[in-house]
Amino acid sequence: MPNRFRVAVVQNCAEREMAPSIAAIEPLIRAAAKDGADLIQLPEMATMIEPDNVAVLRKTVTEAEDPGLAAFRRLARELGRWIHVGSLLIKEKGASRVANRAFVIDPEGRITARYDKIHLFDVAIKDGHAYKESATVAPGDKAVLAALPWGQMGLSICYDLRFAALFRALAQGGAAYLGIPAAFTYTTGLAHWHVLARARAIETGSYVFAATQSGTHAEGRRTFGHSLIVSPWGEVLADAGDKVGYAMAEIDPAKVEEARQMIPALRHDRPFQAPERLVPLAAAGE
C-alpha cells in the first residue's frame, strides 16, 4: 500500500490578465510546499478569467508560449513537488476555439498527463449572468487517468462534477483520487458545491481534491471558493473557506480500499433497459 501523503488545494482569484494572476499564485504554491504538501492542485482557469469571448481568443496562447504553464513547471522542478494545474486556456494551431486543459506536472517539471474539459458550461444563472463556454472552448472527448506515486488520479474540470458517469468510469478504470478543480459561480456553489463533491467521493469510494477560485472577478463575476478535500467516506477533511489561500490534508491511500470494501458499489453494476420517454403531462385544466 502506498505511503500517506499531503495534498494542498490552492484557492486564488484570477484576474483577466495572466501576469498578475501568476504572480499571486506563486507564493501560495511556495507556502503549500513549505507546509509539506506533496501534491499541489490549482483551480480551473488558474491564470486568467476573462469574461469577454473575443478577448479570450486574443489572449490565449499555445502550450509552448503559455507563461503560466512555464512558471508552474519551473516551480515543480525547483520545489520537488507534484503540481496539478486545474486548467489553463490553451490555443491549438489552426483551431477556431481553445482547449480548457488540465496538466499534471511531476517533480522534474515534466508534463505527465493532460485532460481537456468534456462538459462545457452553457447556462443562464438566476443572478443575471449567462455563460456560454462553448463559444470559445472546444470540448474534449477522452477521460484521463494520471499516474501519481500514490496511485491513479482521475482528471475532470468544474462542470464535469455534475456528470456522475464520468467519475464512475474513472474509478472503475483505477482512480483512487478524483481531481475536480473548478471556478464554480457563487450562486451554484452556494447551492450545490459541497453536496456534489461529497457525492462523487461517496459514489466511487475515492478521495476528492477540488481546488476552486474564490472572489469577485472582472465585470463582477463571483466564484464561490471553499476548495475541498473529501475522504472516500464523504467526510470533508479540509475546506479553504472564501479567502485566497490554500487548504491541506493528509491522505491515507488505505482508506480508499476500506471504503470500497464496505460499500462495493463499483462492482455491482447490472444491465437495465432505459425507460421510454413519456409524453409530457397536460397542464392543469386542459
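Since this is a predicted model, take the numbers as computed values, not measurements.
At a threshold of 4.0 Å, the pair Arg74-Glu26 counts as salt-bridged, since one of the basic side-chain nitrogens sits closer than that to a carboxylate oxygen. Salt-bridge check for Arg73 with Glu63: failed, with every basic side-chain N at 4.0 Å or more from each acidic carboxylate O. Between Asp252 and Arg4 a salt bridge is recorded (basic side-chain N to carboxylate O distance below 4.0 Å). Taking the charged nitrogens against the carboxylate oxygens, Arg101 and Glu92 do have a contact shorter than 4.0 Å, which makes a salt bridge. Between Arg16 and Glu219 there is a salt bridge, with a side-chain nitrogen of the basic residue lying less than 4.0 Å from a carboxylate oxygen of the acidic one.
Checking Tyr159 against Asn100 by side-chain atom types alone, no donor-acceptor pair falls below 3.5 Å. Of the N and O atoms on the side chains of Thr223 and Gln213, not one donor lies less than 3.5 Å from an acceptor on the other residue.
The side chain to side chain donor-acceptor pair (under 3.5 Å) analysis of residues 169-184, with sequence neighbours excluded, yields the pairs Gln172-Asp269.
In this structure, the side chain of Thr47 does not engage the main chain of Ile22 through any donor-acceptor pair within 3.5 Å. A donor-acceptor pair is defined here as one N or O able to donate and one able to accept, closer than 3.5 Å; such a pair exists between the side chain of Arg260 and the backbone of Thr204. Listed for the Thr212 side chain is no donor-acceptor partner under 3.5 Å among the backbone atoms of Ser227. Remark: side-chain polar atoms of Ser87 are not paired, donor with acceptor, to backbone N or O of Glu44 under 3.5 angstrom. Glu235 contributes no side-chain N or O that, together with a main-chain N or O of Leu237, makes up a donor-acceptor pair within less than 3.5 Å.
Separating the CG atom in Leu228 from the CH2 atom in Trp193 is a distance of 6.0 Å, to the nearest 0.5 Å. Rounded to the nearest 0.5 angstrom, Ile229 CD1 and Met248 CE are separated by 8.0 Å. In this structure, CG on Leu190 lies 11.0 Å from CG on Asp242, to the nearest 0.5 angstrom. Interatomic distance, Glu203 CD to Leu266 CG, rounded to the nearest 0.5 Å: 10.0 Å. For the atom pair CD1 of Ile83 and CG of Leu75, the computed distance is 5.5 Å after rounding to the nearest 0.5 Å. Taking CZ from Arg58 and CG from Asn53, the interatomic distance works out to 12.0 Å, rounded to the nearest 0.5 Å.
Using a 4.5 Å cut-off between side-chain heavy atoms of Ile, Leu, Val, Met, Phe, Trp and Tyr, with links allowed through other members, Ile49 and Ile90 fall into different hydrophobic clusters. Ile251 and Tyr246 fall into different hydrophobic clusters, defined by Ile, Leu, Val, Met, Phe, Trp and Tyr side-chain heavy atoms under 4.5 Å apart, directly or through other members.
Heavy-atom contacts from other residues, nucleotides or ligands closer than 6.0 Å to NZ of Lys255 number 12 or fewer.
Between Glu17 and Lys59, the closest side-chain pair of non-hydrogen atoms falls below 4.5 Å. Contact annotation: the side chain of Glu257 never approaches that of Pro232 to less than 4.5 Å [non-hydrogen atoms, C-beta and beyond]. Counting heavy atoms from C-beta outward, Met48 and Thr60 have side chains that approach closer than 4.5 Å. In this structure, Asp122 and Lys132 have side chains that are in contact, with non-hydrogen atoms separated by less than 4.5 Å.
In the hydrophobic clustering, where aliphatic and aromatic side chains (Ile, Leu, Val, Met, Phe, Trp, Tyr) are joined below 4.5 Å either directly or transitively, Met262 groups with Trp233, Ile263.
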